[in-house]
Amino acid sequence: DDWTQRKDKKGIKVFSRKKKKFKFNELKVEGECEGRISQLAGVLFDVEKQYQWVYKTNNSQLLKTINAADLFFYTEVSCPWPFQYRDLVVHMSMAQNAANKVMTIEAKNVNSYLQDKQHIVRINYSKATWVVTPLNINQFKVEYRIQVDPGEGVPAWLLNLFATSGPYESFLNLKEKIKLPQYVHAKFPLLLD
């Protein structure tokens with residue numbers, strides 16, 4: 001698959017690869033977590049608390065809930081000087097294969113959903129996919145892929161150089177977040193653990 005491993009630490013592996021016709025590398029994170037897949041879904045769909053665990057996220061707000069497995073949210077990301085902050089409107093949805101219980105969550109940008117804000121650059125493109133495979137009742141494996149075009153002013157070489165830090169730090173935080181009491185008992189009507 002042309003993936004190059006960039007990090008392997010604390011049970012978290014981060015890979016990157018170049019994609020044709022796209023100047024920013026695609027990233028992949030692999031790891032295992034203790035808990036149920038509903039706990040992970042509980043954290044991911046609690047979008048207003050993303051600032052507590054997603055790397056460099058300053059603010060996130062729920063915009064619209066379609067149902068328990070489908071929503072829209074807004075998020076702002078801080079960038080180091082001299083770059084402007086970025087923002088993003090995301091449509092996130094969840095599905096599960098009933099036969100093998102594999103959960104898939106997709107999060108794609110929908111820029112037309114909300115008007116641009118002054119002094120914040122709208123991220124041009126973002127697509128993230130979580131493929132979560134239960135290993136047993138209290139353990140699951142995650143493969144997370146993301147590709148982002150951060151918009152004007154960020155050189156591809158610079159983003160590609162530092163891009164593995166964000167997914168690694170976020171995943172490290174996520175492994176701890178799912179252990180919190182509010183997620184330990186999380187249930188979703190569409191999910192079988």
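- Pairs passing the salt bridge (Lys or Arg N to Asp or Glu O under 4.0 Å) check and including a residue from residues 55-75, sequence neighbours excluded, do not occur.
- Of all heavy-atom pairs spanning L190 and Q96, the tightest one is O-OE1, 3.4 Å.
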- With side-chain contact (heavy atoms from CB on, under 4.5 Å) as the test, would you mind laying out the steps for Y168 and R6 before giving the verdict? CA-CA 10 Å; Y168 173 78; R6 300 293 182 191; over 6 Å; no

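- Here E76 pairs with K117 in a salt bridge; the nearest charged N to carboxylate O distance falls below 4.0 Å.
- To the nearest 0.5 Å, atom CG of residue L71 and atom CE of residue M92 are 4.5 Å apart.
- Within a 6.0 Å radius of NZ in K7, other residues, nucleotides and ligands contribute more than 12 heavy atoms.
- Here the rule is side chain to side chain donor-acceptor pair (under 3.5 Å) with E26, and of Q147, K18, K127, R17 only R17 fits it.
- With values rounded to the nearest 0.5 angstrom, L63 atom CG is found 6.0 Å from L114 atom CG.
- Annotation for D116: atom CG counts as buried by contact number, over 12 foreign heavy atoms lying within 6.0 Å.
- Here the CG atom belonging to L40 is positioned 9.5 Å from the CG atom belonging to L191, to the nearest 0.5 angstrom.
- Side chain of Q61 to main chain of T75: no donor-acceptor pair is present (N/O by atom type, distance under 3.5 Å, no hydrogens or angles).
- We find the CZ-OG distance between F45 and S93 to be 7.0 Å, quoted to the nearest 0.5 Å.
- No donor-acceptor pair under 3.5 Å is formed between the side chain of R86 and the backbone N or O of I120.
- Applying the ring pair (Phe, Tyr, Trp, His ring centres under 6.0 Å) test to W53 and every residue at least two apart in sequence or in another chain returns nothing.
- For Y51, there are no ring pair (Phe, Tyr, Trp, His ring centres under 6.0 Å) partners two or more places apart in sequence or in a different chain.
- The CD atom of E34 sits 4.5 Å away from the CD atom of Q139 when rounded to the nearest 0.5 Å.
- Interatomic distance, L174 CG to Q50 CD, rounded to the nearest 0.5 Å: 10.5 Å.
- Sorted by first and then second residue, the ring-ring contact (aromatic ring centres under 6.0 Å, His included) pairs involving residues 114-152 (not counting sequence neighbours) are F22-Y125, W130-Y144.
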Under 3.5 Å, sequence neighbours excluded: what are the donor-acceptor pairs made by side chains of residues 179-189?
| from | atom 1 | to | atom 2 | distance (Å) |
| --- | --- | --- | --- | --- |
| K179 | NZ | E176 | OE2 | 3.4 |
| Y183 | OH | D46 | OD2 | 2.6 |

Table please: side-chain donor-acceptor pairs of residues 101-108 below 3.5 Å, with sequence neighbours left out.
| from | atom 1 | to | atom 2 | distance (Å) |
| --- | --- | --- | --- | --- |
| K101 | NZ | D193 | O | 3.0 |

